[in-house]
Structures are given as C-alpha cells and as structure tokens.
Amino acid sequence: MKRTAPAPLSVWRTLNLDDFLIGVPHYPEHVDESYWERDAERMATAGFNVVRLGEFAWHIMEPREGVFDFSLFDKAIAVLGARGINTIFCTPTATPPRWLTATYPEVLRVDVNDRVATHGSRQHADTNSPVYRMHSRRITEALADHYRDNPHVIGWQTDNELNTTSSTSYSEATEREFRRYLRDRYETIDALNFAWGGNFWATAYDHFDQITAPRAHNPGFPSPGHFQDYHRFLAHATAAFQHDQVEILRRANLDWFIFHNLGRLEDIDFRGQFGQDLDFIGFDIYPMLYDEMRRTGGHAATQALHLDVCRAYSGNFIVPEQASGFGSQPGFSTMTPEPGEMRRMALSSVARGADGLLFFRWRPAHYGAEIYWMGLIDHDDVPRRRYREAVEFAGDVAKIKKDLLGTTVRMDVAIAGADFDNQEAYKTYPMGMPSPFEDAVHLHRYCHAKGIACGFIHPEDDLSRIKLLYVPHWVMWKPQWNANVEAFVKNGGTLVIGAMTGTRDEHNHIPTIPAPGRGLSELCGVRVEEFGRVAEPGADGLFGLHGTEFGLYNAAAQRPASSAARRYKFVLGNREHEAAHLYELLDVDADVKVLGRWSSRFASGRAAITIRKVGEGSAVYMGTYLTETLVENLADQLFARAGIAPLIADLPANVEVTLRHAADRKLLFVLNTDEGTVEISSLPAGMDLLTDKEVNGCLSLGPHGCAVIRF
Ligand code: GAL
C-alpha cells in the first residue's frame with residue numbers, strides 16, 4: 001500500500017492510497033489465542049487486506065504507568081500479517097486505564113451539571129486537560145516507537161470517534177484552557193467585551209480570569225457570542241489533542257497514512273487543522289441507527305445524506321466501520337439488514353465516495369456494553385450470511401477497484417455544507433427553527449429519490465463542476481466567499497440563497513445593513529425589509545420541535561391544525577404553497593424578476609422568491625424555508641434551465657444511482673435499496689463490472705441487487 005502526500009481539502013479530492021482498504025475492526029483481545037489462526041485464514045479467504053486494532057486496549061498496552069507490553073498485539077499483527085492482512089493501529093485514548101484516572105482524577109470529564117465522569121465506560125477523559133494530553137502523547141510515542149519498523153502496520157487511526165459521547169466539558173482544566181484560548185483570540189478584554197456584547201445585560205468582564213464556560217438555562221440565555229466561542233474553543237482543543245498524536249506518528253514513519261473515524265461530528269472543524277493534519281477522513285456509517293434517531297426518510301436516503309455531508313469536508317473517504325448486522329447498546333437496538341442488504345449498503349458507501357471500507361466488526365463481543373452488536377462471524381464462531389456477503393463485496397471491490405480509484409462523485413446540485421461557524425451560529429440562537437442541515441434534508445431527499453447527482457460543498461471550494469448551489473439559511477455567511485460564488489454565477493451557475501442568510505457577522509452581531517448583506521444583496525438584487533414567524537404547514541403553534549443545547553421547545557407543531565393558526569401562503573408558478581417557519585418581505589431591484597409572491601394576509605403581493613440574471617447564470621433569493629412541496633416546485637422552475645436532469649430517466653422508486661467519474665471513464669452505480677425486483681431502462685450502454693455482462697439500456701435487479709456500469 002503506497003501513500004502519497006494528500007492534496008488540499010476539497011470535495012473533489014481522491015484518496016492518496018494506491019489500493020482499496022477492505023477488512024474489519026478486530027478485537028483479538030476479546031477471544032483466546034486459539035481463534036487467531038482461523039480468524040486470519042478466514043479473513044484472507046474473504047479477500048480482506050486490512051484490520052483495525054487496538055483502540056480500546058490501553059490497559060493491555062500499559063498495564064502500569066510507564067510499563068509497556070505490546071506482546072499481545074505484536075503476536076496478533078504477525079499472525080494476520082503472515083496471511084497478507086495488514087494492520088491499521090489506533091491510539092487507544094478513547095479508554096484510559098483505571099490506574100490513570102485513579103492517579104490523575106483531574107483528567108475526568110465534567111458535565112454541565114458538574115458531575116464528574118466515572119470509570120466503567122468510554123470517553124470519560126477530558127481531551128482538553130493538559131495532563132490527559134501529556135498521557136496521550138506518552139502512549140502515542142511508545143506505540144510509534146514500537147511499531148515504526150513493523151512492515152505490517154501501514155496506517156493509524158487517531159483515538160475513536162472523538163466527541164461522540166460528549167464534546168463539552170466544564171472541568172477546571174477546560175475552563176482554564178478556554179480562558180487561554182480567549183486571551184489568544186482577543187488579546188484585550190475590551191475586544192472580547194465588544195465581541196460578546198458586554199453592554200447587554202451587564203455581561204462585560206474586567207479581566208479574562210473572570211470568564212467561565214457558558215451554561216444554557218443557568219440562569220437564562222447566555223450571549224450567542226459567548227456560546228459561539230466556547231464551541232470554537234472545543235473544536236480548537238479537539239484538533240490540538242489530535243495534532244499531538246499526528247505529529248508523533250508522522251515523525252516516526254512518513255509512509256503511514258493517518259485518519260480519524262468520525263461519528264457525530266460534534267465540535268470538530270474538519271476543514272480546519274483537524275482535517276488538514278490527516279490523510280483523509282474516516283466516517284463510521286450505521287444507516288439503521290441514524291434513521292431511527294433522526295427520522296430522515298428511508299435507510300438508503302439517510303446513509304446517502306450522511307456520506308454526502310462527510311464528503312464535503314475533504315472528498316473521498318474511507319468507512320472504518322460499516323454496519324453489518326443487528327446492533328445494540330443497553331438502551332436501544334437497530335433494525336437488521338436483510339439478506340443482500342449489507343452488501344448493498346457497502347456498495348452505497350462506495351457509490352458516494354468511499355475508497356476503503358471495513359465492516360464493523362469481525363465477531364461480536366461476548367461481554368460488555370455491546371454484546372448484541374453483531375459482526376461478520378456469529379457468537380458461536382460460525383460464518384453465516386454476513387460473512388458470505390462480505391466475501392461477495394470483497395469480490396465486487398476486486399472487480400471495480402482499478403476503475404474506481406481516482407474517480408470523484410459527480411454533483412450537479414450542491415448544498416452549502418462543511419462550515420463549522422455556520423453550524424454553530426445556528427445553535428447559538430435556534431429560535432425553534434430548523435437548522436440549515438434539517439432544512440437541506442428536503443432538497444437532498446428529493447435529489448436522492450429522483451436520481452439527481454447531489455451532495456454538499458463548502459462555498460470556498462471549486463464550484464466550477466456543479467450546476468446549482470443552495471445555501472440553507474447560513475446566518476454567518478462570510479463576505480470572503482462572495483467572489484467565488486459570484487464567479488460561479490457569472491459562469492452559468494444557479495445560486496439559491498435561503499432566508500436568514502447573512503443576517504449576522506462573525507461575532508453573532510446583527511449588521512447595520514439589511515440581509516443578505518454586502519455582496520449577496522447586490523448579486524441577488526434584494527434586501528430583506530421585514531420578516532416574521534410562521535407555523536409549520538398543518539401546525540397550530542409557533543414553535544417547532546427543533547432543539548439544541550437550549551433544549552426542545554414546546555410540541556405545538558405536533559398538534560392538529562386549527563383555523564386559529566395564521567397561514568402565510570405564496571404562489572410559485574401556478575401552485576400555491578403554505579410557507580414554513582418564516583416569511584420575509586423583499587425589497588427588489590428593477591432588474592430582478594419575481595418568481596414567487598406572497599398571496600395571503602398583509603404580505604399579499606410582495607415578493608417571496610426572486611431571480612436575477614447575472615452573466616451566464618442566475619441568483620435566486622428565497623424568503624422562506626424549504627418544504628417537500630416547495631422543493632418539487634423549485635426543481636420544476638430551476639433545474640431544467642440550469643441543465644440539471646436525473647442521471648437516469650424514469651428511475652423506479654427505491655433505486656439509488658450515482659456517478660463516479662474521471663476524465664477517461666464513468667462508473668454508474670445502480671443499487672436496488674428494497675426487497676422487490678426492479679426493471680430499469682434508459683441506461684447507458686456499457687459493461688456491468690460486477691457481473692462482467694454488457695448492459696444495453698435495460699437491467700433487472702433483484703432484491704438489494706447492484707450493478708456498476710462502466711461506460
Ligand atoms: C461506533 C464506535 C464503535 C462501536 C460502534 C457500534 O460508534 O466507534 O466502537 O461502539 O459504534 O456501537
């Protein structure tokens with residue numbers, strides 16, 4: 001496996017490895033050694049080339065402070081290596097051993113209610129603590145030193161899903177580090193008082209030592225500036241914690257690739273130092289888990305959404321943990337992939353940019369907090385359908401990887417994403433409205449269902465390959481992005497700006513000019529004159545269910561509609577819509593065409609959605625939030641003129657389609673995400689690489705059937 005230096009972060013970046021990583025996270029420490037040879041043999045037979053080891057085994061590697069013992073892993077790595085299975089090793093810092101937290105209790109995380117974490121689970125240490133960082137460097141140095149010349153260790157994962165259990169901390173160390181961060185950022189207390197608006201509610205400070213981490217509802221709502229900086233600090237501290245480890249590993253061996261496996265993406269600014277330090281991103285994907293939690297539509301749509309969000313940070317990625325079967329922890333359990341579905345879900349990951357994939361996990365644990373989290377092999381050591389599907393998938397990878405590596409995922413419709421400040425700015429002042437992400441889901445789901453090439457992109461990335469950019473209510477739009485989006489529009493792109501965009505500066509202050517602010521106002525030819533709150537269509541109250549650290553607001557949106565609710569409607573094309581969440585009244589320039597007008601109450605007749613021709617393209621302003629029906633109508637109004645069409649005409653329901661391409665080749669992924677048989681027509685003529693058969697326009701796919709057509 002050869003590594004080349006990574007290119008700068010971009011959604012269009014391909015992986016910097018010359019082979020596809022395929023295998024499993026593996027825990028040889030959970031079974032006795034009599035299993036090890038057989039395990040390695042079965043993995044080799046399956047066609048695997050890698051395992052991931054060690055992320056929760058610090059207590060084995062350093063049983064007493066300063067006493068290291070890597071013999072268990074040395075042996076496991078050698079047994080696997082002899083069968084051609086290489087190792088990705090992990091820094092084990094998600095689970096410090098008990099001696100460490102007993103000797104240094106100050107490293108324990110403290111929650112918002114001042115409860116100190118106890119030993120007995122994971123992620124109990126505070127990565128902001130300088131003492132914990134010192135121990136993290138110590139174990140990383142010992143590991144790097146020990147494995148620097150081991151030919152079977154080819155790369156590293158830092159920690160495990162940083163911040164997934166909790167990203168916040170209120171320990172003494174965190175408060176101290178927070179103040180240090182603020183001192184570096186603002187230099188003078190006056191500058192901080194200005195940024196946080198100290199003259200409001202007498203929230204000004206005399207010096208940095210008086211500052212504490214903000215706590216929602218204790219006693220009331222804190223300043224949005226205070227909140228924003230706390231989360232900026234947490235992201236900064238998470239990156240610094242990882243940076244320590246990366247520095248040590250790079251110093252030891254420059255051939256090693258280094259990544260992190262992201263889970264919940266809390267307080268991680270992947271486009272900042274955190275991502276710049278790594279070779280590529282790893283994203284753990286459990287589609288059935290997310291679906292139950294977030295109600296975002298079917299499992300396939302949820303998986304596509306999460307992977308597209310992840311690709312926006314840095315391009316192609318690996319999946320270090322791909323769900324294989326039933327999953328549970330003591331408090332919940334997930335749906336179970338049906339026969340064929342595990343392989344299909346793995347191919348869906350590849351279709352959306354995975355250039356490496358490990359099935360979680362080789363075998364399930366017999367003890368601990370995940371005893372029913374299944375792997376490829378069952379508890380009785382028998383390989384059944386999940387193992388067979390993994391073998392099939394490894395065969396698929398062997399057939400496609402030569403063509404696959406070096407391709408990027410096509411995107412015609414892109415949603416602005418991957419911006420830490422905007423994600424956090426929403427949370428500092430949510431007002432019971434959907435987040436940009438929740439709003440964007442409507443558009444993503446539509447494109448996914450229709451087979452339109454879609455994804456997410458940061459506005460400072462290369463926009464020349466997309467046709468439409470939707471900005472979902474980014475309150476903290478940065479003026480430095482204007483030139484890039486303006487060039488995109490002038491060259492023929494369609495820009496759609498959602499309500500509330502550009503309503504705050506980087507301190508969360510409201511500017512003194514109307515939204516969407518300097519640059520965007522001129523581009524769209526609109527100024528927001530007035531705005532007001534609207535209930536969700538069909539709802540009776542003013543508040544939705546959208547929550548953040550400030551908690552959930554009342555559940556009025558769930559009550560049945562009554563005539564008492566104020567309805568704000570608008571007409572777009574020949575269809576009248578009920579607005580969701582917000583209405584804005586727009587003051588428009590003479591060269592702006594009004595696409596949609598308010599049609600009810602006092603707003604009647606005022607502009608709601610506008611379009612302005614700029615160069616070869618168009619700038620659209622939308623003074624409300626998306627709904628399912630508005631997305632359909634907007635697509636009718638805008639997509640054809642922007643040159644956007646589905647990848648395949650007449651796509652049957654539940655068929656997922658994406659295109660991965662390079663200058664000399666195109667790979668069309670066609671994946672049946674359901675249990676019925678589907679007939680697909682309008683396909684390009686080409687070769688299905690999975691079956692080695694020619695496809696001439698039509699294809700029949702059985703339950704969870706998959707094809708990858710090269711043309
Ligand atoms: C991931 C985590 C794994 C395992 C898995 C299944 O989030 O990284 O260690 O816990 O979920 O629960």
Colleague: Restricting to non-hydrogen atoms, name the atom on D308 and the atom on C454 that form the minimum distance, rounded to 0.1 Å.
Modeller: OD2-O, 3.4 Å
Colleague: Between W598 and V571, does the side-chain contact (heavy atoms from CB on, under 4.5 Å) criterion hold? Intermediate values first, please.
Modeller: CA-CA 6 Å; W598 295 106; V571 174; over 6 Å; no
Colleague: Please report the C-alpha distance between H577 and K569 in whole Å, then the side-chain angles of each, then the deciding distance to 0.1 Å, and finally whether the side-chain contact (heavy atoms from CB on, under 4.5 Å) criterion is met.
Modeller: CA-CA 5 Å; H577 295 267; K569 298 183 182 171; over 6 Å; no
Colleague: E656 and H448: side-chain donor and acceptor closer than 3.5 Å?
Modeller: yes
Colleague: Are side-chain heavy atoms of H473 and L582 found at a separation under 4.5 Å?
Modeller: no
Colleague: Under a 3.5 Å distance rule, please check whether T408 uses its side chain to pair with a backbone N or O of W12 as donor and acceptor.
Modeller: no
Colleague: Quick check: Y568 with Y583 (ring centres under 6.0 Å apart)?
Modeller: yes
Colleague: Are more than 12 heavy atoms from other residues, nucleotides or ligands located less than 6.0 Å from atom CD of E628?
Modeller: no
Colleague: Determine whether D284 and L262 satisfy the following criterion, side-chain contact (heavy atoms from CB on, under 4.5 Å), listing intermediate values before the conclusion.
Modeller: CA-CA 6 Å; D284 296 343; L262 293 176; over 6 Å; no
Colleague: In plain terms, say whether D587 and R606 are close enough for a salt bridge, that is, a side-chain N and a carboxylate O under 4.0 Å apart.
Modeller: no
Colleague: What closest approach, in Å, do A354 and L404 show between heavy atoms, and which atom pair accounts for it?
Modeller: O-CD2, 4.3 Å
Colleague: Side chain of N672, backbone of G702: donor and acceptor closer than 3.5 Å?
Modeller: yes
Colleague: Quick one: pull up CE in M687 and CG in L689 and give me the separation to the nearest 0.5 Å.
Modeller: 8.0 Å
Colleague: Using modelled atom types only, decide if a donor and an acceptor are shared between the side chain of S521 and the backbone of V526 within a distance under 3.5 Å.
Modeller: yes
Colleague: Assess the side chains of E438 and S435: does a donor N or O sit below 3.5 Å from an acceptor N or O?
Modeller: yes
Colleague: Between D412 and R410, does the salt bridge (charged side-chain N to carboxylate O under 4.0 Å, His left out) criterion hold? Intermediate values first, please.
Modeller: CA-CA 7 Å; D412 291 335; R410 171 153 157 192; 3.1 Å; yes
Colleague: Could you pull out the closest heavy-atom pair between F711 and A685, with the gap in Å?
Modeller: CB-O, 3.4 Å
Colleague: Using only heavy-atom distances, determine whether the side chains of T164 and E266 contain a donor-acceptor pair under 3.5 Å.
Modeller: no
Colleague: When you check the side-chain N and O atoms of Q303 and S348, is any donor under 3.5 Å from an acceptor?
Modeller: no
Colleague: Do N316 and T14 get their side chains close enough for a donor-acceptor pair, meaning under 3.5 Å?
Modeller: no
Colleague: Just wondering, more than 12 heavy atoms not from K467 lying within 6.0 Å of its NZ?
Modeller: yes
Colleague: If every non-hydrogen atom of C706 is compared with every non-hydrogen atom of D688, which pair is closest and at what distance?
Modeller: O-OD2, 4.4 Å
Colleague: Compare all side-chain heavy atoms of Y429 with those of N508 and state whether any distance is below 4.5 angstrom.
Modeller: no
Colleague: Kindly check if the number of other-residue, nucleotide or ligand heavy atoms within 6.0 Å of CZ (R575) is above 12?
Modeller: yes
Colleague: Can you confirm whether V471 sits close enough to W474 that some side-chain heavy atom of one is under 4.5 Å from a side-chain heavy atom of the other?
Modeller: yes
Colleague: Just by distance, do the side chain of D505 and the backbone of I510 share a donor-acceptor pair under 3.5 Å?
Modeller: no
Colleague: We want to know whether D267 and H231 form a side-chain donor-acceptor pair, criterion being a heavy-atom distance below 3.5 angstrom.
Modeller: yes
Colleague: Decide yes or no for V496 and L469: does some side-chain heavy atom of the first lie under 4.5 Å from some side-chain heavy atom of the second?
Modeller: no
Colleague: Does either side chain, that of Q322 or that of S349, offer a donor lying less than 3.5 Å from an acceptor on the other one?
Modeller: yes
Colleague: Would you call E389 and R344 a salt bridge, using N to O less than 4.0 angstrom?
Modeller: no
Colleague: Should the pair D419-R271 be classified as a salt bridge under the 4.0 Å nitrogen-to-oxygen rule?
Modeller: no
Colleague: Out of curiosity, S618 OG to L638 CG, how far, rounded to the nearest 0.5 Å?
Modeller: 8.0 Å
Colleague: Please check: side-chain N/O of R597 versus main-chain N/O of G605, any donor-acceptor pairing under 3.5 Å?
Modeller: yes
Colleague: Considering all heavy atoms of both residues, which atom of F456 and which atom of V11 are nearest to each other, and what is their separation?
Modeller: O-CG2, 3.7 Å
Colleague: Closer than 4.0 angstrom, basic N to acidic O: yes or no for K478 and D421?
Modeller: yes
Colleague: So, does D674 use its side chain to make a donor-acceptor pair with the main chain of N654 at under 3.5 Å?
Modeller: no
Colleague: If you measure from the Lys or Arg side-chain nitrogens to the Asp or Glu carboxylate oxygens, is any gap between E578 and R567 under 4.0 Å?
Modeller: yes
Colleague: So, do V485 and W477 sit near enough that their side-chain heavy atoms are less than 4.5 Å apart?
Modeller: yes
Colleague: Thinking salt bridges, do R660 and D403 make one under a 4.0 Å N-O criterion?
Modeller: no
Colleague: Looking only at side chains, do E321 and Y286 share a donor and an acceptor under 3.5 Å apart?
Modeller: yes
Colleague: Show your working on side-chain contact (heavy atoms from CB on, under 4.5 Å) between M500 and H581 and close with a plain yes or no.
Modeller: CA-CA 11 Å; M500 299 288 288; H581 308 294; over 6 Å; no
Colleague: Please answer whether the main-chain N or O of R343 pairs with a side-chain N or O of D396 as donor and acceptor at a distance below 3.5 Å.
Modeller: no
Colleague: Looking only at side-chain N and O atoms, does S599 offer a donor or acceptor that is under 3.5 Å from a partner on E576?
Modeller: yes
Colleague: Taking E341 for the side chain and E338 for the main chain, is one N or O donor matched with an acceptor at less than 3.5 Å?
Modeller: yes
Colleague: Can a salt bridge be assigned to the pair R612 and D589 using a cut-off of 4.0 Å between side-chain N and carboxylate O?
Modeller: no
Colleague: Less than 4.5 Å apart, any side-chain heavy atom of F639 and any of I452?
Modeller: yes
Colleague: I'd like to know whether NZ of K613 has more than 12 heavy-atom contacts from other residues, nucleotides or ligands below 6.0 angstrom.
Modeller: yes
Colleague: Taking the side chain from T334 and the backbone from G327, do they hold a donor-acceptor pair closer than 3.5 Å?
Modeller: yes
Colleague: Rounded to the nearest 0.5 Å, what's the gap from CD on E529 to CD on E584? Could you check?
Modeller: 11.5 Å
Colleague: Side chains of L667 and L659, heavy atoms from C-beta outward: is any pair under 4.5 Å?
Modeller: no
Colleague: Where do G705 and L701 come nearest, in terms of heavy atoms and distance?
Modeller: O-CD1, 3.6 Å
Colleague: Under a 3.5 Å distance rule, please check whether D355 uses its side chain to pair with a backbone N or O of F317 as donor and acceptor.
Modeller: no
Colleague: Quick one: pull up CD in E460 and CG in L9 and give me the separation to the nearest 0.5 Å.
Modeller: 9.5 Å
Colleague: May I ask you to check whether over 12 heavy atoms, not counting those of Q480, lie within 6.0 Å of atom CD?
Modeller: yes
Colleague: Please tell me whether D439 and Y470 have a donor and an acceptor in their side chains that are separated by less than 3.5 angstrom.
Modeller: yes
Colleague: Determine whether T673 and V655 make a side-chain contact, defined as any pair of heavy atoms from C-beta on separated by less than 4.5 Å.
Modeller: no
Colleague: Quick check for you: to the nearest 0.5 Å, what is the distance between I611 atom CD1 and L595 atom CG?
Modeller: 5.0 Å
Colleague: Roughly how far, to the nearest 0.5 Å, is the CZ atom of R710 from the NZ atom of K666?
Modeller: 11.0 Å
